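A short worksheet on the structure shown next.
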2 protein chains.
Amino acid sequence: MPRPAHRLTPQRRAVLEAIQGSHNHPTAAQIYAQVKAQHPRVAFGTVYKALDLLSRTGQILQLEFGDGASRYDGRVDRHDHAICTGCGRLVDLDPQLPKDLAVRASRASGFVINQHMIQFFGLCPDCSQAGVARPA
Amino acid sequence: MPRPAHRLTPQRRAVLEAIQGSHNHPTAAQIYAQVKAQHPRVAFGTVYKALDLLSRTGQILQLEFGDGASRYDGRVDRHDHAICTGCGRLVDLDPQLPKDLAVRASRASGFVINQHMIQFFGLCPDCSQAGVARPA
DNA sequence: GTTTTTGCAAAATGTTTGCATTGTA
DNA sequence: TACAATGCAAACATTTTGCAAAAAC
C-alpha cells in the first residue's frame, strides 16, 4: 500500500514558513498567531496537526525545555541550544564535540543512540546585564 | 529577614525517598502513588509542592524530555541522560566532555551559562532487541 | 499564637482527539 | 468519488493555585 500523500496545504506552508522565517524558536501559540494573520479561520488543532506532521517528517524540530510550551526549530541538522532562564530566549549553538560521543554513550548505556542534543541553561546578554537573578 | 524554614515533613521526606530510592527517574504520578502507600491521605498538590521545593533547593533534579510528564532525578551532580524512545526508560550517563565546553558555549552565545546537560535519544537494550521501530 | 504545611477542589495550561464539513486530486 | 485536511469543540493530561483546616515550632 502506498503511504498517504501529505499535501503541503496553505496552512501547513504557513506553519512551516512561520518557523523557518523566525529565529526565535517560536511556541505553538506564537506560530498560531502568525498563521492566523494570513488564514484568519485557521484552528489551533490544525496548527498542532501540522506541527506534528512536519516534525514526524523531519522538516522541523520540536524542542522541550521544561518551561511549559514546546519550541519549534526550522534547523534540522544536528546542533545544540542555549536557553535563557530569565526570558526564554533560545539560540542555536554548534560547539565542537568529541566525534565518538554518541558511540561512547551507546557503549556505556547499551542503548542504540539515534540522536543527541545539549541543553545549555543560563542568562542571555540582555538578562545578565539587567541583573536578572539566576535561579538557585 | 530570615528565609523561611522549609521543614522536612513526613510527606516531603517520603517524596524525597521515593526519588532517591528509585533509579527509574519516576514521574510525579509514580511518586504520588508511592508516597500514598505510606500516607494514604496525601494530596497530589502536596506532592507537586514538595517536588517544586526540593528542586528549587537543589535536592533533586527535574528533567523534561518532551514526552508529557516531568521525570525526577535524585542525583544532583552534573551528568547526562539517555532516554528510550520506545519505553521511556531513562538512565544516567557520564560521558567525558571537553572541560571548556560551557566556556566555549558561553563565548559563542554571549550567555552566562550555569548548567548544561546532554539528552541522548535512542532505544534501550530491551526495546532494540524487541525490534521496536525507532522513530522517524 | 504565629507561621508553615497540608488536603482538597477548582482552575490553568498545553496538547490531542472526534467528527462533520470542506477541499482537492 | 474517494481520500485527505480543515475547523470547531470537547476531552485530556499535567501542573498550578486558593484557601480553610491542621500541624509544628
Side-chain angles (χ1 to χ4, degrees), chain A residues 1-19 25-57 59-72 83 88 90 135, chain B residues 1-19 25-57 59-72 83 88 90 135:
Chain A
M1 76 183 81
R3 89 179 93 132
H6 296 327
R7 292 180 210 137
L8 187 57
T9 62
Q11 291 90 336
R12 288 180 182 164
R13 183 193 304 279
V15 167
L16 187 56
E17 285 173 358
I19 297 167
H25 302 79
T27 64
Q30 291 167 331
I31 294 162
Y32 171 67
Q34 191 170 334
V35 170
K36 196 157 193 175
Q38 302 160 51
H39 302 271
R41 300 186 58 76
V42 77
F44 232 111
T46 301
V47 169
Y48 272 105
K49 283 168 189 162
L51 290 170
D52 178 56
L53 179 72
L54 292 169
S55 57
R56 277 188 297 105
T57 55
Q59 297 174 78
I60 61 174
L61 239 45
Q62 180 177 7
L63 308 175
E64 194 73 57
F65 272 76
D67 62 334
S70 287
R71 308 281 290 262
Y72 296 87
I83 189 164
L90 182 46
Chain B
M1 74 183 78
R3 89 179 95 134
H6 297 326
R7 294 179 208 139
L8 187 57
T9 62
Q11 292 90 335
R12 287 179 183 166
R13 183 192 305 277
V15 167
L16 187 56
E17 285 173 358
I19 296 166
H25 301 80
T27 62
Q30 291 167 330
I31 294 162
Y32 171 67
Q34 190 169 335
V35 170
K36 195 156 195 177
Q38 301 161 50
H39 302 271
R41 299 187 57 77
V42 76
F44 233 113
T46 302
V47 170
Y48 273 106
K49 281 168 189 161
L51 290 170
D52 178 56
L53 179 72
L54 292 170
S55 59
R56 276 190 296 104
T57 56
Q59 298 173 78
I60 61 174
L61 240 46
Q62 181 178 6
L63 308 175
E64 193 75 57
F65 272 76
D67 61 335
S70 288
R71 308 282 290 261
Y72 296 87
I83 189 166
L90 183 46

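Chain letters run A, B, ... following the sequence lines, proteins first and then strands; every chain starts at 1. Computed from a prediction, not measured in an experiment: that's the story for all the values here.
- Interatomic distance, B:Q59 CD to B:L54 CG, rounded to the nearest 0.5 Å: 5.0 Å.
- Side-chain nitrogen and oxygen atoms of A:Q11 include none within less than 4.0 Å of the OP1 or OP2 phosphate oxygen of C:dG23.
- For C:dT3, neither phosphate oxygen OP1 nor OP2 lies less than 4.0 angstrom from any side-chain nitrogen or oxygen of B:R7.
- Atom-to-atom, CZ of A:R13 to P of C:dG23 comes out at 18 Å; the value is rounded to the nearest Å.
- Rounded to an integer number of Å, the gap from B:D67 CG to C:dT15 P is 13 Å.
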Write out a two-atom table: protein N or O, nucleotide N or O from nucleotides 16-21 of chain D, distance below 3.5 Å.
unit_1	atom_1	unit_2	atom_2	d
D:dG18	O6	B:K49	NZ	3.1

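- One interatomic measurement links the two molecules: NZ of A:K36 to C1' of D:dG7, which rounds to 11 Å at whole-angstrom precision.
- When the C1' atom of C:dT5 is taken as reference, atom NE2 of B:H39 falls 13 Å away, rounded to whole Å.
- Atom P of nucleotide D:dT6 and atom OH of A:Y32 are separated by 14 Å, given to the nearest angstrom.
- How far CG of A:D67 is from CG of A:L90: 8.5 Å, rounded to the nearest 0.5 Å.
- The nearest heavy atom of DNA chain D to B:R71 and to B:T9 marks one nucleotide each, and the one closer to the 5' end goes with B:R71.
- Between B:S70 and the phosphate of D:dT15, there is a side-chain N or O to OP1/OP2 separation shorter than 4.0 Å.
- Closest approach of A:V42 and A:Q11 over heavy atoms only: CG2-CG, 4.0 Å.
- When each of A:P10 and B:E64 is assigned the nucleotide of DNA chain D with its nearest heavy atom, A:P10 is the one assigned upstream, toward the 5' end.
- Residue order along DNA chain C, read from the 5' end via each residue's closest nucleotide, puts B:L8 first among B:L8 and B:R41.
- Between A:G88 and A:R71, the shortest heavy-atom distance links the atoms O-NH1, 2.8 Å.
- With rounding to whole Å, A:Q38 atom CD is found 14 Å from D:dT6 atom P.
- Taking both residues in full, the closest heavy atoms of A:A69 and A:T27 are given as CB-CG2, 4.1 Å, listed atom of the first, atom of the second, then distance.
- The side chain of A:A69 lies closest to C:dG14 when the candidates are C:dT5, D:dA5, C:dG14.
- Distance, B:H6 NE2 to C:dT3 P: 16 Å, rounded to whole Å.
- The shortest distance between side-chain heavy atoms of B:H6 and B:L53 falls below 4.5 Å.
- The two residues A:A43 and A:Y32 come nearest to each other via the heavy atoms C-CE1, 3.9 Å.
- The residue A:A50 sits apart from the nucleic acid: no heavy atom pair falls under 4.0 Å.
- For the pair B:L51 CG and D:dT14 C1', the interatomic distance rounds to 12 Å; values are reported in whole Å.
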